[in-house]
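Data block below; observations after.
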There are 2 protein chains.
Amino acid sequence: MTTIRDIARHAGVSVTTVSRTLREPEAVRRDKRDRVHAAIAELSYVPNAIAQQLRRPRAEAIIVIVPAIDNPFFSGIIQSIENVAHELGYRVLIGETQGRQERLDHYADMVTARLADGLILLGSLLPTPVRSAFEAGRPVPIPLVLACERYDGLDCPSVTIDNAAAAEAAADHLIRTGRQRIATITGPLANPLAMDRLAGFRAALQRAGMTADEEAVVEGNFSVESGHEGMQRLLSGPRRPDAVFCANDEMAIGAIRAAVTAGLSVPGELAVVGFDDLRFGAFATPPLTTIRQPTAGIGETAMRMMDAELHQRGLSERQVVLPHELVVRGSSVVAA
Amino acid sequence: MTTIRDIARHAGVSVTTVSRTLREPEAVRRDKRDRVHAAIAELSYVPNAIAQQLRRPRAEAIIVIVPAIDNPFFSGIIQSIENVAHELGYRVLIGETQGRQERLDHYADMVTARLADGLILLGSLLPTPVRSAFEAGRPVPIPLVLACERYDGLDCPSVTIDNAAAAEAAADHLIRTGRQRIATITGPLANPLAMDRLAGFRAALQRAGMTADEEAVVEGNFSVESGHEGMQRLLSGPRRPDAVFCANDEMAIGAIRAAVTAGLSVPGELAVVGFDDLRFGAFATPPLTTIRQPTAGIGETAMRMMDAELHQRGLSERQVVLPHELVVRGSSVVAA
DNA sequence: TTGTACGCGTTATCAC
DNA sequence: GTGATAACGCGTACAA
């Protein structure tokens with residue numbers, strides 16, 4: 001391994017000069033600079049980042065935690081995080097937890113161990129040290145930004161949408177288009193975000209003077225498969241629904257499949273509305289009506305908040321709520 | 001920041017004892033060990049991983065490079081890489097390139113800079129240092145494993161499927177089920193893998209005494225949108241195809257949408273076959289016939305090869321080819 | 001403008 | 001068993 005000392009020796013200068021040549025070239029005389037560069041090329045020297053970081057305050061890297069990398073909803077967010085991060089001079093590393101606490105904790109360890117500067121959480125799991133600090137009323141021990149999820153009482157920057165209002169808008173759409181028996185397939189109810197969507201759904205029905213009977217609410221887990229099963233359950237019930245609101249697009253796609261397999265026409269006999277506006281949704285058959293989340297905005301905001309956090313700059317707003325949008329396509333309304 | 005010296009002072013022992021307590025506890029007397037642990041807990045000490053790695057030969061981390069994180073095909077591979085990596089004691093960091101050479105190079109730099117031990121490439125781009133070494137006939141400069149892609153002449157471990165044979169199987173299926181005018185939507189033809197699939201497709205037609213006229217071959221870029229556009233192009237041509245082989249499932253989903261929008265029945269008037277066996281494919285309407293890739297096997301093999309590479313263990317096989325499988329669903333055959 | 005020398009936090013060597 | 005101390009590779013006062 002060639003080190004800065006090898007370069008110094010080879011170029012006939014001191015290590016300081018080599019270091020400075022790399023960091024503030026103007027402060028080094030031309031000829032020495034050239035000799036240094038020549039030596040670097042000849043010995044193919046690459047500064048050891050580990051050693052550099054021992055001297056630097058920050059790692060210039062952040063870790064984005066995603067529960068499941070195969071959930072396309074997170075992709076858009078990650079991509080916008082990456083764009084902003086690059087611009088701000090950070091590397092982005094993605095860590096997948098698959099819902100496993102120990103994996104998340106492992107990534108959190110990378111922050112305490114200074115291999116990365118902070119964590120952006122896209123999921124609902126909190127690292128153990130953060131959770132215990134929270135429960136003990138102590139401040140959050142590592143730089144943390146929550147995207148998508150909210151935790152009441154946790155004092156850390158977050159960016160979300162108003163999930164309850166969005167779900168309400170989805171249900172309203174079904175009500176306004178004349179649906180009578182509206183069911184829902186929820187996310188895992190341990191999840192605050194899933195609860196919010198269910199609450200919004202219920203609020204809309206109630207406001208319209210309808211009640212959501214218990215058989216019309218089935219719990220899913222955000223996977224296509226669970227949407228498929230959930231729909232089968234709903235179809236085998238006593239009162240077949242004529243509309244279903246799914247808490248994400250994946251489940252909506254599974255629901256459509258179950259309905260079509262059962263011989264129902266979508267949207268004629270069953271209207272389906274999803275949530276997220278996945279790329280695939282627009283190309284489903286029929287194209288999926290859904291709630292569009294501002295993925296680019298979520299990612300960008302989260303990354304800028306992280307940067308501010310790391311620079312101890314006060315944030316004007318620590319809990320940002322971004323606007324959502326109902327996108328009506330063929331799965332909920334019969335073509336004119 | 002609390003360091004090992006703080007612990008030593010607080011526990012009234014030397015730094016050596018603290019270090020040893022953490023690394024080989026049996027070699028330290030009980031009472032001192034307890035004092036050290038107490039001090040660690042009290043001062044909430046976490047060893048600085050940066051400093052540790054300055055002394056260690058390896059970072060125990062590998063980086064998986066994926067072209068686009070929103071391509072679900074890679075998810076399965078990544079997940080199996082992660083499972084094996086964990087078991088072998090590595091951290092996995094995921095880097096997305098979005099096809100940008102500079103981003104890939106940035107991640108490759110992390111390896112030369114010892115922040116990670118090696119790179120597993122899921123895409124077709126090579127890091128600049130690797131490419132120039134290749135062109136100059138020098139050995140690959142960093143630990144590298146290719147998953148999915150192949151590079152003729154590049155001496156590095158790889159795991160792939162036989163893309164040509166798989167495409168041939170897909171086309172054969174269409175031929176055997178009586179299709180007459182079989183078209184294809186390819187991947188970007190700069191891509192070896194896309195070329196292999198096209199070659200296999202052509203071989204199958206030729207063997208059956210059919211020719212693939214040039215209007216029946218359109219180039220896509222693996223995105224749903226390009227599948228949609230490609231299908232529109234094929235439908236507006238002089239001889240409407242009665243079957244199309246798409247070089248991946250995403251494009252197949254886009255193709256189905258275009259066909260259905262144009263009023264064609266799938267599979268009645270148009271049979272569609274994809275490639276990859278995405279999770280969503282089975283839930284498409286109609287469910288997608290496709291080539292299943294052994295994603296778990298690809299990921300596991302790639303990670304084990306990387307581990308062998310890092311330990312300088314010779315690999316029995318450096319170019320592994322895994323089996324594929326044709327999965328027939330409703331998009332290519334009319335239900336009995 | 002350049003070089004010497006120290007410190008960053010840890011682990012390994014060696015003497016006690 | 002334990003403790004000084006020398007690396008690891010780099011950045012930077014401070015001195016020249």
Side-chain angles (χ1 to χ4, degrees), chain A residues 1-40 43-61 89 109-117, chain B residues 1-40 42-61 89 91 109-117:
Chain A
M1 177 156 51
T2 119
T3 80
I4 198 172
R5 255 186 291 269
D6 300 327
I7 302 302
R9 202 167 14 239
H10 198 269
V13 299
S14 76
V15 291
T16 315
T17 303
V18 177
S19 181
R20 240 199 296 269
T21 301
L22 263 28
R23 225 147 308 285
E24 24 173 7
E26 333 72 41
V28 176
R29 230 185 20 227
R30 192 57 192 274
D31 56 332
K32 300 218 175 192
R33 212 158 62 194
D34 294 344
R35 294 220 307 274
V36 169
H37 280 130
I40 287 177
L43 304 185
S44 67
Y45 162 74
V46 179
N48 181 323
I50 296 288
Q52 287 179 319
Q53 290 190 17
L54 198 55
R55 301 282 306 155
R56 290 189 204 285
R58 303 187 296 114
E60 312 288 329
D109 285 345
M110 292 183 63
V111 176
T112 36
R114 316 259 184 282
L115 284 170
D117 300 319
Chain B
M1 177 158 50
T2 121
T3 79
I4 198 172
R5 254 185 291 270
D6 299 327
I7 302 302
R9 200 163 18 235
H10 199 270
V13 300
S14 75
V15 292
T16 313
T17 303
V18 178
S19 180
R20 232 191 311 257
T21 301
L22 263 28
R23 226 144 307 286
E24 25 172 8
E26 332 73 41
V28 176
R29 228 184 22 226
R30 193 56 193 275
D31 56 332
K32 301 218 175 193
R33 213 158 61 192
D34 293 343
R35 293 217 313 270
V36 169
H37 283 306
I40 287 177
E42 191 166 347
L43 304 185
S44 68
Y45 162 74
V46 180
N48 181 324
I50 296 287
Q52 287 180 319
Q53 290 190 16
L54 197 57
R55 302 281 307 157
R56 288 191 205 286
R58 304 188 296 115
E60 310 289 327
R91 266 190 299 260
D109 286 345
M110 291 182 65
V111 176
T112 37
R114 316 263 185 283
L115 284 170
D117 301 320

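Here the structure is a predicted model, which is why all the values come from computation and not from measurement. Every chain is numbered from 1, with letters handed out A, B, ... down the list of sequences. Hydrogens, waters and symmetry mates are skipped; everything else that's a heavy atom, side chains included, is used.
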For residues 11-25 of chain A, the salt bridge (Lys or Arg N to Asp or Glu O under 4.0 Å) pairs (sequence neighbours left out) are none
Kindly indicate whether the side chain of B/T21, heavy atoms from C-beta on, has any atom under 4.5 Å from the side chain of B/H37.
yes
All pairs passing side-chain hydrogen bond (donor to acceptor under 3.5 Å, both in side chains) where residues 5-18 of chain A contributes a residue, at least two apart
A/D6-A/R9, A/S14-A/T17
What nitrogen or oxygen pairs link the protein and nucleotides 13-16 of chain D at under 3.5 Å?
none

Measuring to OP1 and OP2 of C/dA12, would you say a side-chain N or O of B/S19 lies under 4.0 angstrom away?
no
Can you measure B/R56 atom CZ to D/dG9 atom P for me and round it to whole angstrom units?
16 Å
Starting at atom CD1 of A/I40, determine the distance to atom P of D/dC10, rounded to an integer number of angstrom.
10 Å
Heavy atom of residues 25-33 of chain B under 4.0 Å from DNA chain C: which residues?
none
Apply salt bridge (Lys or Arg N to Asp or Glu O under 4.0 Å) to A/R29 and list each qualifying residue two or more places apart in sequence or on a separate chain.
A/D31
Rounded (10°) bend between the five-pair end axes of the helix from C/dT1-D/dA16 to C/dC16-D/dG1:
40°
Could you state the atom-to-atom distance from CZ of B/R9 to P of D/dA4 in whole Å?
13 Å
In the structure I gave you, are the side-chain heavy atoms of A/T3 and A/N48 within less than 4.5 Å of one another anywhere?
no
Restricting to salt bridge (Lys or Arg N to Asp or Glu O under 4.0 Å), what partner residues turn up for B/E42, sequence neighbours left out?
none
Between D/dG1 (C1') and B/E24 (CD): distance, integer Å:
11 Å
Can you sort out the partners of B/L22 under side chain to side chain contact (heavy atoms under 4.5 Å, CB included), two or more places apart, ordered by chain and number?
B/I40, B/Y45, B/P47
Are the side chain of B/R35 and the backbone N or O of B/A11 linked by a donor-acceptor pair below 3.5 Å?
yes
With rounding to the nearest 0.5 Å, note down the distance linking CG in B/D109 to CG in B/L115.
10.0 Å
Distance test, side-chain N/O of B/T17 to OP1/OP2 of D/dG3, below 4.0 Å:
yes
List, with names and distances, any nitrogen or oxygen atoms from the protein found under 3.5 Å away from nitrogen or oxygen atoms belonging to nucleotides 7-9 of chain C.
unit_1	atom_1	unit_2	atom_2	d
C/dG7	N2	A/R55	NE	3.1
C/dG7	N2	A/R55	NH1	3.4

Hits for side chain to side chain contact (heavy atoms under 4.5 Å, CB included) against A/D117, two or more places apart or cross-chain, chain-then-number order -> A/R58, A/A59, A/Y90, A/L310
Pairing residues for B/L54 by the side chain to side chain contact (heavy atoms under 4.5 Å, CB included) criterion, not counting sequence neighbours
A/I50, A/A51, A/L54
